[in-house]
Colleague: 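Structure in structure tokens, see below.
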Amino acid sequence: MASQHPPTIGITCTTFQTDQSQRPPNLGQNRSYVDAVVQAGAAPLLIPNLVDKILLRTLYNLLDGLLLSGGGDIDPTHYGQSRHEKCGTPSPERDEVELTLTRWAIDEGMPVLAICRGIQVLNVALGGSLYQDIQAQVPGAERHQWSPGYPRDYIAHTISISPQTQLARIVGTNPLPVNSFHHQAIREVAPGLTVTAHAPDQIIEAVEADGHPFAVGVQWHPEGLAGGDIRAQQLFEALVKSCQR
Ligand code: MN
């Protein structure tokens with residue numbers, strides 16, 4: 001299907017409080033996601049956390065592609081675990097919205113780029129589980145949480161990418177140096193996902209959905225590297241290109 005206009009990429013949002021006041025919370029996301037999508041030639045659309053399925057579906061129907069953004073921890077009840085003391089405070093509305101959007105996009109072949117929390121949402125939406133805290137639950141793991149205190153383009157470790165994967169074709173470099181701002185990671189991989197990259201300590205850093213036109217999850221933050229690293233920007237360009245097919 002040839003497109004005369006740029007594709008629309010939905011970007012999921014965080015619900016957050018800016019201060020201790022009694023004002024209602026804010027909805028938003030870091031501008032770097034918007035900038036990376038614009039740079040790749042698409043129109044970004046921030047999706048509010050609406051739990052009403054009819055309204056959410058109405059917004060979904062406007063999209064050509066979905067970007068699952070970074071953020072806080074998913075409620076572990078979504079993968080059948082009780083909450084570990086190191087697991088962050090959940091956001092029930094964001095969990096519900098993102099899990100719903102992800103299942104629609106996977107079932108219906110909509111292109112998805114899932115970043116950090118996003119790769120975790122993708123895995124949980126399809127039936128996988130997470131380590132709730134790498135440091136507490138994975139003996140011998142390296143440091144993966146470099147926030148706060150380090151710039152978003154700080155290179156924390158490399159990843160080893162499996163050949164003949166979408167990720168290998170997109171970034172074209174192996175091993176790939178990446179940033180790392182996560183304390184959780186994929187534990188059991190969901191049916192229908194294939195692991196495509198590991199950190200040197202074997203933490204899962206990327207997955208793809210089998211038989212889907214484009215559903216790529218990455219545990220690092222390409223939007224934090226995209227200004228200065230062509231390989232990071234190429235992930236957003238691959239998402240946009242898959243929307244134009
Ligand atoms: Mn990492």
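Start at 1 and go down the list; that is how both ligands and their atoms are numbered. Counting begins at 1 with the first residue of the sequence.
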Colleague: Determine whether a donor-acceptor pair (N or O, by modelled atom type, separation under 3.5 Å) exists between the side chain of E237 and the backbone of A40.
Modeller: no

Colleague: The Mn ion (ligand 1) is nearest to which N, O or S atom of E205?
Modeller: OE2

Colleague: Looking at D64 and C243, what are the two nearest heavy atoms and their distance?
Modeller: O-SG, 3.4 Å

Colleague: Would one find an N, O or S atom of Q219, in either backbone or side chain, under 2.8 Å from the Mn ion (ligand 1)?
Modeller: no

Colleague: Measure from the Mn ion (ligand 1) to every N/O/S atom of H144 and report the name of the nearest one.
Modeller: ND1

Colleague: Answer yes or no: is there an ion pair linking R94 with E98, defined by an N-O contact shorter than 4.0 Å?
Modeller: yes

Colleague: Hey, do the aromatic rings of Y60 and W104 have their centres closer than 6.0 Å?
Modeller: yes

Colleague: Nearest 10°: the angle subtended at the Mn ion (ligand 1) by H157 NE2 and S180 OG?
Modeller: 90°

